[in-house]
Amino acid sequence: MAQIHNLFSVPVYEFGVDDDDLLATLRNHLDHERTVNYEETPYSIRGATSHHTRDDLANLECDWSKKLKNLILNVSSKYYHHVKGHPLPVTVDVNCWGMCMSKGDYSSIHNHPGADVCGVLWLTVPDKELRDEREGQLILMDPCYARRVGEYSYPNVDVEPKEGWGLLFPPWLEHGTEPFYCEGDRYSIAWNVTIRG
C-alpha cells in the first residue's frame with residue numbers, strides 16, 4: 001500500500017495504517033485532549049474550535065503511545081532510507097502532536113525547521129458535502145518560489161485526507177490545510193523525527 005511519489009522533484013511517501021485499534025485509541029485520546037486547555041502555542045492551527053495537543057503523544061508511558069512511536073519510526077525510516085540512501089540513525093527524537101479541527105478551522109502555511117523527517121496521519125475526516133473541491137485539502141507548496149507566481153505559475157498540489165492514511169515529506173516543504181465548511185471533525189497527528197547531535 002505504501003508508495004513513493006516525486007512532487008516538484010521532492011519525494012513524498014504515502015502509507016496506510018491497518019491497525020484499527022490504534023487508530024480508535026488515538027481518536028479517543030484526541031477527543032479527551034480537546035477538552036483540556038494546556039495553553040499550548042497553537043503553532044500553525046487556526047480557527048475558533050481548533051485544538052493543538054502537546055507534542056508528547058509518542059513518548060507517553062502507555063502501550064498505545066509505544067505502538068505509535070514504533071509506527072512513526074518504521075515509516076520514517078523507510079522514507080529516510082529512500083531519500084538519503086542509508087538507514088535513519090538509532091539516536092533520534094520523536095515529537096508527535098494531535099490536531100483537532102472542525103468547521104472553518106485550518107492550518108496556515110508553515111514548515112518544520114530543525115527536523116529531519118516530518119509526517120501526518122489522518123484519524124478522522126468529516127463526511128463532506130463540500131461547496132468547493134479544495135475544502136479540507138492538505139496543500140503542498142511548490143518549493144521553487146519562481147514557479148508560484150506569474151502567468152505560467154505551476155499549481156500547488158492538493159492532497160485529499162483519508163482516514164488511516166498518511167504522508168511523509170521533507171520538513172522544509174511548506175504546507176498547510178484549507179478550511180472545510182461542513183459539519184464534523186478532522187483529527188490528525190503529525191510528527192517530527194530529529195536526529196540527535
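The structure displayed is predicted, hence computed values, not measured ones. Heavy-atom basis, side chains included; hydrogens, waters and symmetry copies ignored.
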Requested in this report: May I have the step-by-step check of side-chain contact (heavy atoms from CB on, under 4.5 Å) for Cys96 and Ile72, ending in yes or no?
Outcome: CA-CA 9 Å; Cys96 177; Ile72 290 169; 3.8 Å; yes
Report task. Could you walk me through whether His175 and Phe169 pass the ring-ring contact (aromatic ring centres under 6.0 Å, His included) test, one step at a time? Result -> CA-CA 10 Å; His175 57 283; Phe169 44 88; 4.8 Å; yes
Query - Derivation and outcome, side-chain contact (heavy atoms from CB on, under 4.5 Å), residues Leu57 and Asp55 - result: CA-CA 6 Å; Leu57 296 185; Asp55 68 354; over 6 Å; no
Query raised in the report: Taking it one step at a time, do Val125 and Tyr187 satisfy side-chain contact (heavy atoms from CB on, under 4.5 Å)?
Result: CA-CA 7 Å; Val125 178; Tyr187 286 2; over 6 Å; no
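Looking only at side-chain heavy atoms (C-beta outward), Tyr79 and Val75 stay at 4.5 Å or farther from each other. With contacts defined as side-chain heavy-atom distances shorter than 4.5 Å, the pair Leu140/Leu173 qualifies. Inter-residue side-chain proximity for Val159 and Val157 is flagged as met; some heavy-atom pair is nearer than 4.5 Å. Taking the side chain as every heavy atom from C-beta outward, Leu168 and Val12 never approach each other to under 4.5 Å. Between Tyr43 and His110, every side-chain heavy-atom pair lies at or beyond the 4.5 Å cut-off. Residues Asp105 and Ile45 are not in side-chain contact: their nearest non-hydrogen atoms beyond the backbone lie 4.5 Å or more apart. The shortest distance between side-chain heavy atoms of Glu178 and Glu135 does not fall below 4.5 Å.
Within 6.0 Å of NZ in Lys66 there are more than 12 heavy atoms belonging to other residues, nucleotides or ligands.
The residues Asp19 and Lys67 are annotated as salt-bridged, a charged nitrogen and a carboxylate oxygen being separated by less than 4.0 angstrom.
Across Arg27, Arg34, Lys103, a single residue satisfies side chain to side chain donor-acceptor pair (under 3.5 Å) together with Asp185, and that is Arg34. For the pairing with Cys100, the side chain to side chain contact (heavy atoms under 4.5 Å, CB included) check across His51, His52, Glu33 returns one residue only, His51.
Between Phe15 and Tyr13, the ring planes are parallel. Angles under 30° get that label, and only those over 60° would be called perpendicular.
For the pair Leu23 and Val17, the tightest heavy-atom approach, listed with the atom from each and the gap, is CD1-O, 3.7 Å. Of all heavy-atom pairs between Thr35 and His32, the closest is OG1-O, 2.6 Å. In terms of heavy atoms, Pro11 sits closest to Pro170 at O-CD, 3.6 Å. Closest approach of Phe180 to Pro126, counting heavy atoms only: CE1-CG, 3.7 Å. Taking both residues in full, the closest heavy atoms of Glu163 and Leu123 are given as CG-O, 3.6 Å, listed atom of the first, atom of the second, then distance. Looking at every heavy atom in both residues, Cys118 comes nearest to Pro171 through SG-CA, 3.7 Å.
One distance of note links CG of Leu60 with CG of Asp63; it measures 11.5 Å at 0.5 Å rounding. Here Asn70 contributes atom CG and Leu68 contributes atom CG; the two are 9.0 Å apart, rounded to the nearest 0.5 Å. Distance check, rounded to the nearest 0.5 Å: OG1 of Thr177 to CD1 of Ile109 gives 8.0 Å. The distance from atom CD of Glu61 to atom CG of Asp56, rounded to the nearest 0.5 Å, is 11.0 Å.
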Under 3.5 Å, which donor-acceptor pairs do the side chains of residues 188-197 form with other protein atoms, sequence neighbours left out?
from	atom 1	to	atom 2	distance (Å)
Trp191	NE1	Ser76	OG	3.3
Asn192	OD1	His112	ND1	2.6
Arg196	NE	Asp93	OD1	2.9
Arg196	NH2	Val92	O	3.3
Arg196	NH2	Asp93	OD1	3.4

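There is a path of hydrophobic side-chain contacts, each under 4.5 Å, that joins Leu22 to Leu121. Hydrophobic clustering (ILVMFWY, side-chain heavy atoms < 4.5 Å, transitive): Met99 and Tyr106 are in distinct clusters.
For Tyr80, the ring pair (Phe, Tyr, Trp, His ring centres under 6.0 Å) test picks out His86, with sequence neighbours left out.
Judged by the 6.0 Å and 45° rule, Lys162 forms a cation-pi pair with Trp165.
Using a 3.5 Å distance cut-off with no hydrogens or angles, the side chains of Arg186 and Ser102 do not pair a donor with an acceptor. With hydrogens and angles left out, the side-chain atoms of Ser107 and Ser44 include a donor and acceptor closer than 3.5 Å.
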